[in-house]
Each structure stands twice: as structure tokens, then as C-alpha cells.
Asker: 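Here it is, the structure in full.
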Amino acid sequence: MSLRPLVEGDCGAVNPLVQLGGQFTRDVAHKDEGLTKAQFERSMRSDERLVQEFFGQAAGPPQSFQMDTLLQEMRDINISGDGVSQQQCMQDQVASQWSADFTQQMAPALPNNMVHMQPQPQPQLHYVREFFDGPGTSSRNFYAPPMMRQPYMAIAAGPQQHNTFFDTNTIITENIPMAQKGESVDDWITDYQTSKKENEQTVTNFNEKFWQRLQEEWQKLAEENEHPWLSEYNENLDAYKEYEFAEENPMSELDNAFEKGKEYLSKGDIPSAVLCFEVAAKKEPERVEVWELLGISQAENEMDPQSIAALKRALELQPENQRVLMALAVCYTNEGLQNNAVRMLSNWLQVNPRYQHLLTAHPELHSEQISLASSLIGANKLRELQQIYLEAVRINPAQVDPDLQEALGVLYNLSNEYDKAVDCYRSALHVDPQNAKVWNRLGASLANGSRSVEAVEAYQQALLLQPGFIRVRYNVGVCCMNLKAYKEAVEHLLTALTMQAHTNAARELPNAAAATTAGGQHQMSESIWSTLKMVISLMGRSDLQGYVSDRNLTALNEAFKE
Amino acid sequence: MSLQSDAVFQKIIDGLQDNQAKAKAVNGVFLYKITKDGKVVKEWTLDCKNAKAYEGPAQGIKVDTTLTVSDEDMVDIALGKLNPQAAFMKGKLKIAGNIMLTQKLAPLLKTDAKL
């Protein structure tokens, strides 16, 4: 094409025609002024189309053209800058080469067999660089790069230029006299030798310190005893160690406290019975029955921590007491101490002459290791124990052993299989329908298995049989709360608290007025109070929270009277 | 701003104080973000490592698990009406961090009936 040389530039140089074309096609504002694009095209004649074609051809290059200029500019920058940067690069390379050579020479002397020394050569390298950088900078002045010098000479006047040239020359010769150089090398070698010794010193120091610190750390760990598995084990064993007696017991002068306590228990007045048993336990601390009945009463009194303490004491005195083992297993279950509950139930099986042979096949279950096992292993033990209990049930399927069913029910509660637990308690009740405790356990299993409505029926049975069963009152309260019947929940919880606070025993005694406040405070369960607190705040009655924290039962009874 | 779930957390605080050993057995730090109408309105920290709980973000301790749940659902979980696992599956309960630790939380939240 004849147009080609017009459009294409010479060897990538700027082509003025292309530049013009680019400018014209890109001038959008000018083209669109007053006309839309369609009108412009319609009014175009054939010659104009030719022009358009030409411009269309020309419209292509502008972008590449622009790139060209950019590239050109970059090249220009490179060319002007190159001389300097190349020179610098070379010098830097030489310097690093020198220092590298030098360190290589010195390297065998470095104690590279020591791991802790690895970061140490760094300052020496630095020193090497400093040393070579010194003369390096001055030599850069001396061998001034031609590219640098040319513009400088162009600007500077003649004599001045000579002066500066001479000056730099003398500076260099002054800077590196040979003698000084040798001296500094000697200095450096001695410096290095001393620093090497220092380094060795610091390494040994560091090692000593490190081991010392490690030892201290281990000692600290051992002292703190922070391992969760260890603390879990210890705490579970040590919890509820001591039984706390009521500070002021109105029964303290009673002579036949134990008999009186049993009398109250048969009447269903649990809080009074507890007070009597406490007196008896103080008088006869070696008598198993006292501790046993105290523990069982405290459980019915919704005081699990106290119950566990009393039952543990009973177990110390008589390790093969089946009733105590069962009661303790239940308490541990309520308190969420799975491992302890499993241990109690395996002991229960062991002391039971009818079933103990079953355990011989599983020696690991009745060994002391159970208490040491973590909660994970505990889950396996629980499964195994459930299997053994099921075997025990199968020995005589025709005749149901209610105690065995009760124990199995506890085990299913532990594994959160509430429906199975319900079945166990139902079959136990089939044999012994007058047992309020089992009715309560049935109710609790139902409630925990989210069958609150059925649970209420079971609780009703329990209360019919034993109206003073504090724990059932509490359970009914929890059940009502879970059903969001807050008002009823409060009523039941307040009833339970009132029963605990105003014991019949205290009322029958002459010094009752003084005793009820102090003794009553201790007799009330924390668990009932905290549940009451929750119900009241769920009701939105924050105005009553003060009474709860003050343990002001009369005011609360007054508020919910209507 | 008072929420329904405040009662639940108040109970947890009481429970932690009453039974420190039980709390420490959980051995985790939980941050609850309570939402109302889709917005986080309150935060509670359950520091079971030190057996304490308080309103607001964790103070000077690393949070193991963050749980986000609405005010109403929190109450339902505590009352046993809503199973935490089911709530998690339905997306009502969002858990970030160590999910296994939350399994240990149930006894602290729920008020169980006693055998």
C-alpha cells in the first residue's frame, strides 16, 4: 500500500500523521458536538466515507503508539540511569564478593558445630562489610563513572572541574594508606578472636540459663498441678469431704435424737428428721445407721452436697452397705459426677451376693482404676457396667429385682437414655408401687427426657405417698418452670422452702422463735433458691429479686399470696 | 436493656459459685452473643477455667468457643424445651471455635430434675 510509509513510523519513532490521526479519532467531544453519531453517519457522502475509512485504519495504532512513547521514555530513563546503577551494581558485587571470600576463608574457624552459634556470625559479617565499605565509598568517588562525569563537566567551569578532580584524588590516597590497612586487619583479627571467646562464653551462659529456666518451668508446673486430668481426679475425690452441721440446732438437747429422727421421717417431716439425725451423728459419730439415715434424708431434703458428705462417712464405717452405695450413686448422678456414680454402682454389684460373680469377668471395673480414668474412659466403663447389669437382670427374668432396676435406671440417667431409665423405674414400681422415692426417680427421668407433662403425674404420685418430700416439690417447681408455668413453679418452690424453714420440730420446742431463723437459714437449699431466682427473673419480676438475695421468705410468700 | 436470658446467666453465675469444682471440670472459656431481632445486644463470658461468669467480652483470657443465639432460644435451651444439638442443626445456635467443649456445658445451663 502506498499509504503505508505515511502511516508507519521509522524504526518505531513517532509518526506525525499517526499522531494526528490518533488525536482526531480520540477527540470524542469535538465529533459529538451538536450531532448524534447516527446523524453524522447518515449525512456522510462517499468521499467522506473514504476519509472515515482512512481514519478507521489510523484509529488502530494510537494505543500501540502511546505504548511506544511510554517505552521510549522508559528507555530514556534507563539509558541515563544505567551508567550509575550498573557501576553501583558492579561495585556492590565486588564488595560482597570480597566479604563473601573473606567470610569463606574465616568460616572454618567459626565453631559451626554449635547450634546456638548460628546467629552469632552476623555481627562479624557486618564488620566485614563495614570494613570494605569504607574504602569502597571513597573509590567510588575516585573512579567516577563517565556518565556521571559528562553532565558534570558540561555544567562545571574548567578550573573548578580540575580542582574537584584533584581533590577527590588526594582524599583517596589519604584515606587508604597501606600501613593503616594492615593495622586494621590485625586489629580485626584480634577483635575477632576476643569476640569468639566472648561468644563461647555467652553460649555456655545461655545453655546454663536455658536448662535452669526449663527446670524452673517444670518445677512450677509440678507445683501448680495444673494438669486438668489430675485436678479433675483430685477435686472429684475431695469434694464434699466434710459434713457441715447446722450452726444452731434446736434439737441439740434431745436425748433420744436418733429415735426421734426416725419418728419424724416416718411422719414425712424430712427437715425435722435431718436436725435430729445431726444431733445423733454428733453424739455417736461411729454409728453407721445415723450417717446413713442422715444422708438419705438430706437427699430427700434436696441437699445433695450434704447428703454426699454424710453418706461418704457412712461408707467409711461400713464399705459394703448396699443402701448407702445406691444413695451415694444417685447423689453423684444428680451432681453430675459420672465417674464416682459408676464406681458406686459397680461396688453395689460387688457387695451384692446374688450378682457379684458377674463382675469377676470384668476385673477392671471394680478396681480402683475407675477413679483415675478420664471422663472419656469413664464412658466406656459406663457402657460395660450397663451390660453387666443387664446380664444380672437376665439371670432371673421372671422375678424383677426393684433394687437392680433402680440401679440400672440410674445408669441410664448417666448415659442420658431417659426412656430406658423410665422403663426401669416403671418395672421397679410394678413390684413396689408404694415407694415415693422411685416415683420421684421416674418423674425426674421423664422430666430430664423432656416429658414434663408425664413427669408431673409421677411427681403427684410421690407427693400423695409422702407429702413432705422436699425434693419432689423442687422437681415439680423445675417441671413447671420448664413448661413456662412460672407462677405455679414459684408456688411449689416457695412451699419447699417454707417447709425447710419452719420445721415441725422447731415449732414443738419451747425456744422455737429464736431457733427458726438461724436453723432455718441453714436448712434451706441453695439449689431451690437459685431456681426460684431464675423463675422470678423469667417472670420479669425484678422487683422481687432483693427478697431472694436477702432470703426473705415471708416477703416472698406475701408477694405470691393471691 | 434487660433480656429474658439474663435470668439464665444469673443462674449460671450462681451455679459456678456454688460448685467451683464442677465448673472447672468443664475447663473452657465461652462467649455467648445474645441476639434480639438479628442483632447482637448482649455478650456474656463463661470462664469455666476460673469458675466465673460476667457480662461483656472476655477479660484477659482466650475464648475457646463463641456461641451466638437469640434471647428466646437461649431461654428455651436452658428450660430444656430446645435441644442444643437440634438448635445447632437448625441454625438457631451458631458455634465458632471448639465445638466439643460445648457438650460439657449442658449441666451448667439446664436445671435438671433430681433423682
Side-chain angles (χ1 to χ4, degrees), chain A residues 228 231-232 234-236 238-240 299 302 304-305 329-331 333-337 375 406 409-410 413 416 421 425 437 440-441 443-450 452 455 459 471-472 474-479 481-484 526-527 529-531 533-540 542 545, chain B residues 1-29 42 48-51 53 55 64 71-87 98 100-101 103-115:
Chain A
S231 56
E232 203 176 335
N234 288 335
E235 276 161 19
N236 281 1
D238 289 339
Y240 324 111
E302 182 46 39
D304 273 319
V330 171
C331 288
T333 309
N334 286 338
E335 291 294 293
L337 300 171
S375 47
E406 241 188 283
V410 175
N413 262 296
N416 298 336
Y425 290 126
K437 261 185 267 180
N440 175 52
R441 280 171 202 170
S445 302
L446 285 164
N448 289 340
S450 305
S452 296
Y459 291 144
R471 167 152 288 171
V472 179
Y474 167 76
N475 279 342
V476 174
V478 171
C479 208
M481 180 183 81
N482 288 348
L483 291 167
K484 295 197 172 174
E526 277 305 307
S527 56
W529 275 113
S530 75
T531 309
K533 193 175 172 184
M534 184 172 167
V535 177
I536 284 176
S537 48
L538 281 173
M539 288 173 97
S542 47
Q545 287 297 0
Chain B
M1 183 181 186
S2 77
L3 297 172
Q4 283 264 296
S5 57
D6 290 355
V8 178
F9 286 105
Q10 200 54 52
K11 196 207 158 261
I12 292 170
I13 290 168
D14 290 348
L16 287 176
Q17 278 164 358
D18 286 349
N19 199 339
Q20 303 230 339
K22 206 160 131 189
K24 281 175 183 165
V26 178
N27 202 19
V29 182
K42 229 174 213 183
C48 294
K49 280 181 180 160
N50 299 308
E55 199 187 322
D64 294 307
D71 186 32
E72 296 80 14
D73 289 337
M74 184 69 202
V75 174
D76 281 352
I77 288 172
L79 294 184
K81 288 180 92 74
L82 183 63
N83 180 342
Q85 271 95 355
N98 189 338
M100 294 307 288
L101 272 176
Q103 308 246 320
K104 292 185 182 176
L105 264 179
L108 283 175
L109 289 182
K110 243 178 98 184
T111 311
D112 273 333
K114 303 281 181 71
L115 290 175

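Numbered from 1 within each chain, the chains take letters A, B, ... in sequence-line order. Computed from a predicted model, the values in this text were never measured in an experiment.
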Asker: Is it true that a side-chain atom of B/Q4 and a backbone atom of A/L538 form a donor plus acceptor pair closer than 3.5 Å?
Answerer: yes
Asker: Given a strict heavy-atom distance threshold of 4.5 Å, which part of A/S450 is in contact with chain B: side chain, backbone, both, or neither?
Answerer: side chain
Asker: By a 4.5 Å heavy-atom criterion (distance strictly below it), what part of B/V75 contacts chain A: side chain, backbone, both, or neither?
Answerer: side chain
Asker: Is B/D14 close to chain A through its backbone or its side chain, or both, or neither, when contacts mean heavy atoms under 4.5 Å?
Answerer: side chain
Asker: With only heavy atoms counted, which part of A/K484 is less than 4.5 Å from chain B, the side chain, the backbone, both or neither?
Answerer: side chain
Asker: Can you say whether A/N413 sits under 4.5 Å from chain B via the side chain, the backbone, both, or neither, judging by heavy atoms?
Answerer: side chain
Asker: Any side-chain heavy atom of B/V8 sitting closer than 4.5 Å to one from A/M534?
Answerer: yes
Asker: Which answer fits A/E302, side chain, backbone, both or neither, if we ask what part of it has an atom under 4.5 Å from a heavy atom of chain B?
Answerer: side chain
Asker: Contact part of B/D76 toward chain A, heavy-atom cut-off under 4.5 Å: side chain, backbone, both or neither?
Answerer: side chain
Asker: The test is side-chain contact (heavy atoms from CB on, under 4.5 Å); show your working for B/L115 and A/E406 and say whether it passes.
Answerer: CA-CA 10 Å; B/L115 290 175; A/E406 241 188 283; over 6 Å; no
Asker: Output all residues satisfying side-chain hydrogen bond (donor to acceptor under 3.5 Å, both in side chains) with B/D64, sequence neighbours left out; order by chain, then residue number.
Answerer: none
Asker: Side chain, backbone, both or neither: which part of A/S542 has an atom under 4.5 Å from a heavy atom of chain B?
Answerer: neither
Asker: Please report the interatomic distance CG(A/L483) to NZ(B/K81), rounded to the nearest 0.5 Å.
Answerer: 6.0 Å
Asker: B/K11: which residues meet the side-chain hydrogen bond (donor to acceptor under 3.5 Å, both in side chains) condition with it, sequence neighbours left out?
Answerer: none
Asker: Heavy-atom pairs under 4.5 Å with chain B: which of A/G409, A/G540, A/A444, A/S445 has the most?
Answerer: A/A444
Asker: Kindly say whether B/A113 contributes a backbone atom to a donor-acceptor pair with the side chain of A/N475 at under 3.5 angstrom?
Answerer: no
